[in-house]
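As structure tokens, the structure follows; a few thoughts come after it.
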Amino acid sequence: MASSLHKKLLLQAALPILAGLFVFSGCTSPRAEPAWGRMLEEGASHALHPVSFNFGIFELAGMMRTGTTPETSLVVYIEGDGHTLNENGELADDPTPETPLAFLLAVSDPAPKLLYLARIGQFNKRNTGNDYRKYWGNARFSVEVVLAANQAIDRAKSMAKAEKIHLIGFSGGGGLAVILAEQRKDVASLVTVAGLLDTGWWVQEYLPSKVRKDYSGAFSLSINPADHAAKISGQPQIHFSGSKDTEIPMEMVDSFEKKTPFLFFRHIILPCGHNEGWTAIWPQMLESYALPLRA
């Protein structure tokens with residue numbers, strides 16, 4: 001197998017409606033209402049319109065731009081884990097993120113066909129509360145969660161008349177993007193931002209040293225994205241890390257890369273925190289890295 005093209009760069013830079021899918025409105029939780037209202041306004045100014053994907057017990061919120069061009073690729077942004085813990089350190093009732101970073105990155109993207117996909121329970125009162133907490137806890141990457149995301153992307157592809165997808169995931173959404181890339185045959189490129197790429201390393205190596213607590217049972221109901229890395233060894237991919245990130249350190253990408261010999265693998269380190277600094281720098285990162293990767 002060819003050697004990795006791994007690069008570490010420290011940059012100083014600051015719709016039509018289908019069955020089972022419907023316009024998403026009036027379904028937000030009290031926590032989500034202010035954020036969703038702002039997102040609707042911001043999304044509309046970038047030709048993004050609200051959608052929802054309904055599969056059995058899950059209803060995933062999102063926004064979408066279908067475009068009118070013959071473009072055959074759909075760019076998919078996947079949101080992070082969001083507000084997983086309450087002030088007492090327990091699993092929250094509502095995981096809606098205070099700052100929907102994947103959405104804020106998505107609005108900078110010029111792709112004519114684009115999907116922003118929220119996670120289970122986010123911006124959605126139907127999937128909040130005690131019955132669903134595990135889906136932003138130990139089961140955040142469970143088989144059923146991955147299946148729901150796959151089904152949503154399939155629907156969105158049909159809406160957009162797309163053949164290929166480009167995955168971009170933030171934080172936990174990055175981990176989900178890796179799992180989707182490992183399972184799907186239509187992924188043309190993979191990009192993660194502060195991605196949770198190796199839950200085993202995070203639980204065994206990083207969390208104990210950070211908080212001096214036993215997390216051995218964490219992610220017990222989830223797929224570890226790093227366990228099947230060999231399936232995407234030939235996938236063009238870029239992983240962005242923040243040198244100031246105290247939640248998902250840049251060393252996680254190193255752990256992920258060691259799982260298999262990759263053909264095209266870039267690790268780009270930026271002077272960002274976990275949530276801070278990405279939106280300002282993202283247009284430049286798109287132009288310099290993500291858009292050429294799609295070409």
Side-chain angles (χ1 to χ4, degrees), residues 13-15 21 23-25 27-28 31-53 60-69 71 73-83 95-119 122-124 149 152-153 155-157 159-160 162 165-174 176-177 188-195 238 240 242 268 270 272-295:
L15 304 178
L21 180 147
V23 173
F24 190 86
S25 61
C27 299
T28 54
R31 174 183 168 79
E33 286 173 3
W36 187 248
R38 293 190 296 270
M39 290 169 64
L40 287 175
E41 184 176 350
E42 180 72 11
S45 67
H46 292 87
L48 288 165
H49 305 288
V51 290
S52 180
F53 304 90
L60 295 173
M63 290 197 186
M64 191 168 179
R65 177 195 303 144
T66 54
T68 58
T69 70
E71 170 64 44
S73 295
L74 174 69
V75 176
V76 180
Y77 280 77
I78 304 176
E79 190 56 80
D81 293 335
H83 179 69
T96 296
E98 295 180 7
T99 303
L101 191 65
F103 172 77
L104 297 177
L105 300 182
V107 297
S108 298
D109 199 308
K113 298 180 179 181
L114 184 146
L115 169 68
Y116 162 74
L117 188 64
R119 305 280 293 286
Q122 296 178 357
F123 312 107
N124 178 4
I153 291 171
R155 290 274 177 83
K157 273 185 62 184
M159 289 180 67
I165 62 172
H166 300 281
L167 291 171
I168 301 177
F170 166 65
S171 191
L176 181 55
S189 70
L190 169 67
V191 174
T192 69
V193 179
I238 297 174
F240 293 95
I268 299 174
L270 301 168
C272 299
H274 190 65
N275 292 285
E276 302 79 26
W278 295 107
T279 54
I281 206 171
W282 193 241
Q284 180 185 341
M285 296 302 98
L286 282 171
E287 182 177 353
S288 298
Y289 298 104
L291 298 184
L293 192 68
R294 296 172 196 173

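In this text, all values refer to a predicted model and were calculated from it rather than measured experimentally.
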Self-check item: Contacts of type side-chain hydrogen bond (donor to acceptor under 3.5 Å, both in side chains), residue Arg294, not counting sequence neighbours
Solution: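 So Arg294 forms a side-chain hydrogen bond (donor to acceptor under 3.5 Å, both in side chains) with Asp109.
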Quiz item: By side-chain hydrogen bond (donor to acceptor under 3.5 Å, both in side chains), which residues pair with Trp278, not counting sequence neighbours?
Solution: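 By the side-chain hydrogen bond (donor to acceptor under 3.5 Å, both in side chains) rule, Trp278 matches no residue at all.
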Working to the nearest 0.5 angstrom, can you tell me the gap between [X] [atom1] and [Y] [atom2]?
X      : Y      : atom1 : atom2 : result
Met285 : Ile268 : CE    : CD1   : 7.0 Å
Met63  : Ser52  : CE    : OG    : 11.5 Å
Met39  : Leu48  : CE    : CG    : 9.5 Å
Phe240 : Ile281 : CZ    : CD1   : 8.5 Å
Lys113 : Thr69  : NZ    : OG1   : 5.5 Å
Thr192 : Ile168 : OG1   : CD1   : 10.0 Å

Exercise. Check the pair Ile165, Val75 against side-chain contact (heavy atoms from CB on, under 4.5 Å), reporting the backbone distance first and the verdict last.
Key: CA-CA 6 Å; Ile165 62 172; Val75 176; over 6 Å; no
Which heavy atom of [X] sits nearest a heavy atom of [Y], and at what distance?
X      : Y      : answer
Ala162 : Ser73  : CB-C, 4.1 Å
Leu60  : Ala152 : CD1-CB, 4.1 Å
Ala156 : Met64  : O-CE, 3.1 Å
Ser189 : Leu293 : CB-CD2, 3.6 Å

Exercise. Would you please name every residue forming a ring pair (Phe, Tyr, Trp, His ring centres under 6.0 Å) with Phe170, sequence neighbours left out?
Key: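 Ring pair (Phe, Tyr, Trp, His ring centres under 6.0 Å) check on Phe170 returns His274.
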I'd like to check the side chain to side chain contact (heavy atoms under 4.5 Å, CB included) partners of [X]; sequence neighbours left out, ordered by chain and number.
X      : value
Ala118 : Ala61, Tyr116, Gln122, Phe123
Thr99  : Leu104
Pro110 : Leu286, Leu291

Self-check item: Residue pairs passing the salt bridge (charged side-chain N to carboxylate O under 4.0 Å, His left out) test where at least one lies in residues 41-50, sequence neighbours excluded
Solution: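 Of all non-adjacent pairs touching residues 41-50, none passes salt bridge (charged side-chain N to carboxylate O under 4.0 Å, His left out).
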Self-check item: Residue pairs passing the salt bridge (charged side-chain N to carboxylate O under 4.0 Å, His left out) test where at least one lies in residues 280-290, sequence neighbours excluded
Solution: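 Output for this query is empty, none listed.
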Quiz item: Pick one: which of Leu74, Leu176, Val76 meets side-chain contact (heavy atoms from CB on, under 4.5 Å) with Leu167?
Solution: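 That would be Val76; it is the only one of Leu74, Leu176, Val76 passing the side-chain contact (heavy atoms from CB on, under 4.5 Å) with Leu167.
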Quiz prompt | Working for side-chain contact (heavy atoms from CB on, under 4.5 Å), residues Asp81 and Arg119 | solution = CA-CA 7 Å; Asp81 293 335; Arg119 305 280 293 286; 2.8 Å; yes
Quiz item: Between Val191 and Tyr289, does a side-chain contact (heavy atoms from CB on, under 4.5 Å) hold up when you go through it step by step?
Solution: CA-CA 10 Å; Val191 174; Tyr289 298 104; over 6 Å; no
